[in-house]
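Here the structure comes first, spelled out in structure tokens, and everything after it is commentary.
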Amino acid sequence: MGKISIFSVLRDQYSALPAVDAFKSDLTGKTVIVVGSNTGLGLEASRHFASMNPGRLILACRNVAKGEAALKSIRATTKYEGGEVWEVDLADFSSISAFVNKFESEGGGRLDILVENSGIATRKYALTKDGWESTLQTNHLGTAMLGILLLPYLSKAIANPPTPRLVVVSSDMHFFGKFDETVKSSKCVLEKLNDEQYCNQPIMRQRYSHSKLLNVFFARSLASRLAPQNAVVVNAVNPGFCHSELRRNVPPGTFMSVWMTLMEFLLARSTEVGSRTLVHAALGSPENGKNLHGHYLSNCRVEEESDYSLSKEGREVEERVWNETIEILSKADPRIKEIVAEYLTNTTAPRSY
Ligand SMILES: NC(=O)c1ccc[n+]([C@@H]2O[C@H](COP(=O)([O-])OP(=O)(O)OC[C@H]3O[C@@H](n4cnc5c(N)ncnc54)[C@H](OP(=O)(O)O)[C@@H]3O)[C@@H](O)[C@H]2O)c1
């Protein structure tokens, strides 16, 4: 069963990951979108994709100026002359709908790789303009919405292994995510997680882990509902503990900030090394990628997700969260319901090992 321990973390952090050459693919004529690609793991993964000459590489960023600077750096370090920066804010449903509208009119009809990498880590409770706690919306609801709205384009991509793929960037922090009695006994899991009264400090301390568990749930739920003839491979990936801007919200001068700096110094993978896991999730196992479908990937291989997520209780919460997510997102964009009806089945297919 999926376990995490100090020993497994140390072993993984100090183990070498394969170089990207091991799963490099010619992306000529293919369209790749990396969400949250102006910095961190998304930027380094985009740099790797750029070196494979994609027909289109779309850096989906909430800050276009930062995205343009990232694209400039990619062009300067690879021979790639393409690349586009498109605006999307995952904490804003209307921005996601606008992004998909643009893809509908300018995207060329098909999408080969979608890497859903954006994420935030904060303990501060703040509501988005859509009325959702910011981590819950950015890391889960926004990620799910963009993934589902782009599913038709991924499904229309010519099955040309290793693509099409949808990668959801999760984390081994999901091992610490487990929903308490208050959430389980509530009418709506996501609304309880959004409730300001409920979101006191101990709860917000777990928010990032919970959001990463929701990423595992989403990738599994989506994968298990895709019709077997649909060639899209969906997975969730853990990049491991890496240098990036993820911990930018840790208040400077606090114990946590000193601890994180020390841990990064001792343990963290470089951003480039961590980004290899994203590229592996998008291109690894080129025969057909099906052995990565519906799985949690870590260290550039399939690994087992947390015991809780695999338990009966975890599966039940997953099912509830899926239904609630579709309900919430359908109100934000009516295309969600249509896509679910056209591309997904009501029943989940068991995962093959
Ligand atoms: N670094 C690690 O140790 C680690 C470990 C496990 C998992 N992860 C996961 O890896 C992914 C990438 O994180 P990272 O470490 O590379 O962190 P990062 O350097 O902070 O990058 C996060 C990216 O997400 C973008 N983003 C944040 N909120 C957004 C929003 N509302 N809409 C669109 N984009 C948004 C950021 O854009 P801005 O720059 O504009 O904010 C940035 O491009 C995350 O999902 C994270 O949970 C990281």
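Please read all numbers here as calculations on a predicted model, not as lab measurements. For ligands, and for the atoms within them, numbers begin at 1 and follow the listed sequence. The chain is numbered in sequence order, starting from 1.
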Any idea which protein heavy atom is nearest [atom], and the distance to it?
atom: atom 4 (C) of ligand 1; answer: Gly240 O, 3.6 Å
atom: atom 9 (C) of ligand 1; answer: Val169 CG1, 3.7 Å
atom: atom 3 (O) of ligand 1; answer: Cys242 N, 2.8 Å
atom: atom 28 (N) of ligand 1; answer: Arg62 CZ, 3.3 Å
atom: atom 47 (O) of ligand 1; answer: Tyr208 OH, 2.5 Å
atom: atom 43 (O) of ligand 1; answer: Asn38 OD1, 2.7 Å
atom: atom 21 (O) of ligand 1; answer: Thr39 CG2, 3.8 Å
atom: atom 15 (O) of ligand 1; answer: Ser244 OG, 2.6 Å

Considering Lys66, His174, Glu245, Arg248 one by one, which has a heavy atom nearer to atom 36 (C) of ligand 1 than any of the others?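 Shortest heavy-atom distance from atom 36 (C) of ligand 1: Arg248.
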Which of the listed options, Gly40, Ser37, Cys61, Gly119, holds the heavy atom that is closest to atom 22 (C) of ligand 1?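 Answer by nearest heavy atom: Gly119.
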What are the atoms of ligand 1, with element, lying closer than 4.0 Å to any heavy atom of Ala91?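 Near Ala91, meaning under 4.0 Å from one of its heavy atoms, ligand 1 has 31 (N).
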Ligand 1 atoms in contact with Ser171 (distance to a heavy atom under 4.0 Å):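 That gives atoms 6 (C), 7 (C) of ligand 1.
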Cationic N near anionic O, under 4.0 Å, [X] to [Y]:
X: Lys312; Y: Glu316; answer: yes
X: Arg269; Y: Glu264; answer: no
X: Glu272; Y: Arg276; answer: yes
X: Glu338; Y: Arg335; answer: no

Side chain, backbone, both or neither: the part of [X] lying under 4.0 Å from ligand 1 by heavy atom:
X: Val88; result: backbone
X: Asp89; result: both
X: Thr138; result: side chain

Is Arg269 in contact with ligand 1, taking contact as a heavy-atom separation below 4.0 Å?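 Not so, Arg269 does not reach ligand 1.
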Is there a heavy atom in Ala268 that sits closer than 4.0 Å to ligand 1?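 In this structure, Ala268 fails to qualify as a contact of ligand 1 - no heavy atom is under 4.0 Å.
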Modelled atom types, side-chain donor and acceptor of [X] and [Y], under 3.5 Å:
X: Ser298; Y: Asn238; answer: yes
X: Arg47; Y: Ser73; answer: yes
X: Glu44; Y: Thr271; answer: no

Quick one: does His210's side chain have a donor or acceptor within less than 3.5 Å of a partner on Lys178's backbone?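 A pair under 3.5 Å: yes.
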Backbone N or O of Ile120 within a donor-acceptor pair of the Asn139 side chain at under 3.5 Å?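 Answer holds: yes.
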Tell me, please, whether Tyr153 has Lys156 positioned over its six-membered ring: NZ or CZ under 6.0 Å from the ring centre and within 45 degrees of its axis?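 Positive - Lys156 is close enough to the ring of Tyr153 and near enough to its axis.
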Decide whether an N or O pair under 3.5 Å exists between [X] and ligand 1.
X: Lys212; result: yes
X: Ser118; result: yes
X: Leu41; result: yes
X: Leu90; result: yes
X: Ile120; result: no

Working to the nearest 0.5 Å, report the span between CG of Asn38 and CD1 of Ile74.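 Rounded to the nearest 0.5 Å, the CG-CD1 separation comes out at 10.0 Å.
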Would you compute the distance between atom NZ of Lys124 and atom CG of Asn249 and round it to the nearest 0.5 angstrom?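 Here the rounded value is 8.5 Å.
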Which pair of heavy atoms, one from Thr143 and one from Thr138, lies closest together, and at what distance?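 In this case the closest contact between Thr143 and Thr138 is OG1-O, 3.1 Å.
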